[in-house]
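So the structure is just underneath, and the comments pick up after that.
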Amino acid sequence: MLTKKMEKALNEQIALEAYASWLYLAMASWCDQEGLEGSAAFMIRQSDEEMDHMKRLYSYITEMGGTAIVPGIKKPPTDFKNVVSMFQKVYDHEKKVTHSINELVALSSKEHDHSSFNFLQWYVEEQREEEALMRMIQDRIKLIGKGPQSLYYIDKEIQRINMEEIKKEQAPPAE
Ligand code: FEO
């Protein structure tokens with residue numbers, strides 16, 4: 001059983017994850033228009049992940065006897081300055097999500113809600129991985145620098161990182 005406070009906060013997290021999914025899909029569309037196919041594929045996979053994060057929360061709230069609220073989603077931007085600032089926006093959004101997860105964990109402790117505390121540990125781990133991934137992308141972009149073909153190399157690198165992520169997802173779980 002969830003407290004009303006916890007149920008409300010978990011539903012707010014549903015809305016945040018849903019917006020991340022929409023935002024990343026909008027970024028994928030922009031990347032496609034810019035001919036950045038590797039980055040578009042990366043952002044579509046990220047968008048799918050966010051949808052999964054949302055559905056996990058939905059299932060948990062329902063399992064706990066609460067009401068999961070399917071949110072209205074604000075329209076994300078359709079235009080981005082350039083791919084470098086777009087990835088900075090992704091990193092910033094992930095930091096915002098991490099902050100929100102940390103607040104949820106703190107609330108579950110305050111409410112003595114051990115079940116939610118345990119459930120949220122998956123998100124704590126996921127955010128650690130997501131932030132590390134986005135930080136790595138920032139580092140790679142800096143390394144590639146601003147040469148005449150930098151966009152091409154950035155996109156190739158993102159494509160390579162995306163393939164690595166897919167491989168990780170498909171790897172059998174460690175015994
Ligand atoms: Fe579900 Fe990337 O935050």
Side-chain angles (χ1 to χ4, degrees), residues 2 6-32 36 38-64 66 68-78 80 83-108 113 115-141 154 157-171 173:
L2 296 168
M6 200 67 218
E7 186 177 331
K8 183 170 177 282
L10 288 167
N11 270 309
E12 282 166 4
Q13 190 65 30
I14 281 191
L16 193 57
E17 303 285 353
Y19 181 71
S21 180
W22 252 214
L23 175 64
Y24 295 170
L25 197 57
M27 287 172 168
S29 173
W30 178 82
C31 288
D32 261 323
L36 300 163
S39 304
F42 178 89
M43 293 315 302
I44 285 178
R45 192 189 45 72
Q46 288 297 127
S47 171
D48 288 347
E49 271 200 19
E50 299 305 344
M51 199 49 79
D52 176 62
H53 298 173
M54 187 198 82
K55 285 182 185 163
R56 271 176 189 262
L57 285 155
Y58 174 99
S59 300
Y60 176 72
I61 295 171
T62 306
E63 188 189 343
M64 294 296 285
I69 296 169
V70 178
I73 307 175
K74 190 175 79 175
K75 186 173 185 286
T78 52
F80 300 91
V83 75
V84 177
S85 86
M86 187 200 84
F87 276 111
Q88 181 63 50
K89 274 192 169 52
V90 175
Y91 186 30
D92 291 344
H93 196 76
E94 288 303 325
K95 284 192 274 190
K96 186 175 166 183
V97 174
T98 301
H99 175 75
S100 174
I101 293 292
N102 287 341
E103 291 291 308
L104 272 173
V105 172
L107 179 65
S108 66
D113 180 350
S115 174
S116 295
F117 182 89
N118 280 341
F119 167 75
L120 288 165
Q121 297 313 303
W122 183 88
Y123 285 84
V124 171
E125 179 62 14
E126 183 70 11
Q127 282 311 118
R128 184 185 63 76
E129 287 175 11
E130 296 261 280
E131 275 202 37
L133 176 64
M134 298 314 163
R135 227 179 358 259
M136 178 180 77
I137 288 177
Q138 295 298 312
D139 291 344
R140 296 288 159 84
I141 287 174
I154 288 171
E157 181 60 11
I158 303 297
Q159 185 176 43
R160 197 193 60 73
I161 292 170
N162 193 40
M163 295 313 289
E164 289 291 313
E165 290 301 305
I166 291 170
K167 252 191 248 164
K168 267 192 236 164
E169 282 167 14
Q170 289 172 346

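We're numbering straight along the sequence, starting at 1. Ligands are counted one by one from 1 in listed order, and the atoms in each one are counted from 1 as well.
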Fill in: Which N, O or S atom of His53 lies nearest to atom 1 (Fe) of ligand 1, by name
ND1
Discussion item. Using atom 1 (Fe) of ligand 1 as the vertex, how large is the angle between OE1 of Glu50 and OE1 of Glu17, rounded to 10 degrees?
Written reply: 80°
Item to complete: May I ask you to test the Trp30-Leu36 pair for a side-chain heavy-atom distance under 4.5 Å?
Response: yes
Discussion item. If I consider every N, O or S atom in Glu130, which one ends up closest to atom 2 (Fe) of ligand 1? I only need its name.
Written reply: OE1
Worksheet item: Would Glu94 count as a contact for atom 2 (Fe) of ligand 1, in the sense that one of its N, O or S atoms lies under 2.8 Å from it?
Response: yes
Fill in: Electrostatic pair Glu164:Lys168 at N-O distance under 4.0 angstrom
no
Practice prompt. For the residue pair Tyr24 and Ile44, establish whether any side-chain heavy-atom pair is separated by less than 4.5 Å.
Written response: no
Worksheet entry | Under-4.0 Å salt bridge between Glu17 and Lys55 | no
